[in-house]
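FYI, side chains are in, hydrogens and waters are out, and symmetry mates aren't considered; it's all heavy atoms of this structure. This one's a predicted model, so the numbers in the text were calculated from it and none came from an experiment.
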Amino acid sequence: LIDAGGIDRESLISISDTDLKAELIFHWINQLIVESNSRGIFNVPAPILTRAFQELAGGMVRYHDALKLARIPLPFPYVQILELLLMLHWLATPA
């Protein structure tokens, strides 16, 4: 899948309607892997398949960690001290 042309219209609508886009696509990928394996589309040993699910889940954990960092604002005094230190560094560093 390289572009949205490979996704049907219903799926595109459901992606645009949800606030949890990454989680929805993550679920679809997991479901596609399980269905493909059970239908015999690809023959992968269980340890390798388990590792693939582990890596996907680890990526989702890192995504949620990044969301936490983006959503929680820094305390105002901390931001002010950082700006002051950046200005002092700018003044003290030779050009």
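- L84 places a side-chain heavy atom less than 4.5 Å from the side chain of L88.
- Of the N and O atoms on the side chains of D17 and S14, not one donor lies less than 3.5 Å from an acceptor on the other residue.
- Residues L49 and F42 approach most closely at CD1-CE1, 4.3 Å, considering heavy atoms.
- In terms of heavy atoms, E23 sits closest to H64 at OE2-CE1, 2.8 Å.
- Across all non-hydrogen atoms, the minimal contact from L56 to I29 is CD1-CG2, 4.1 Å.
- Judged purely by atom type and a 3.5 angstrom limit, S16 uses its side chain to pair as donor or acceptor with the backbone of I13.
- In this structure, CD1 in I81 is found 10.0 Å from CD in E83, a value given to the nearest 0.5 Å.
- Once rounded to the nearest 0.5 Å, the distance linking CG of L20 with CD1 of I15 reads 12.5 Å.
- Using a distance-only test at 3.5 Å, with no hydrogens or angles considered, a donor-acceptor pair links the side chain of T93 to the main chain of H89.
- In the displayed structure, E10 atom CD is contacted under 6.0 Å by at most 12 heavy atoms of other residues, nucleotides or ligands.
- To the nearest 0.5 Å, atom CG of residue N43 and atom CD1 of residue I48 are 10.0 Å apart.
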Chi angles and distances behind the salt bridge (charged side-chain N to carboxylate O under 4.0 Å, His left out) call for D65, R62:
CA-CA 5 Å; D65 288 345; R62 288 182 206 94; over 6 Å; no
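- The neighbour count for F76 CZ, taken as heavy atoms of other residues, nucleotides or ligands under 6.0 Å away, does not exceed 12.
- With sequence neighbours left out, T50 forms a side chain to side chain contact (heavy atoms under 4.5 Å, CB included) with no residue at all.
- Taking CG from L91 and CG from L86, the interatomic distance works out to 11.0 Å, rounded to the nearest 0.5 Å.
- Here the side chains of W28 and L32 are not in contact, with every heavy-atom distance at 4.5 Å or above.
- Interatomic distance, CD1 of I33 versus CZ of F53, reported as 5.0 Å (0.5 Å rounding).
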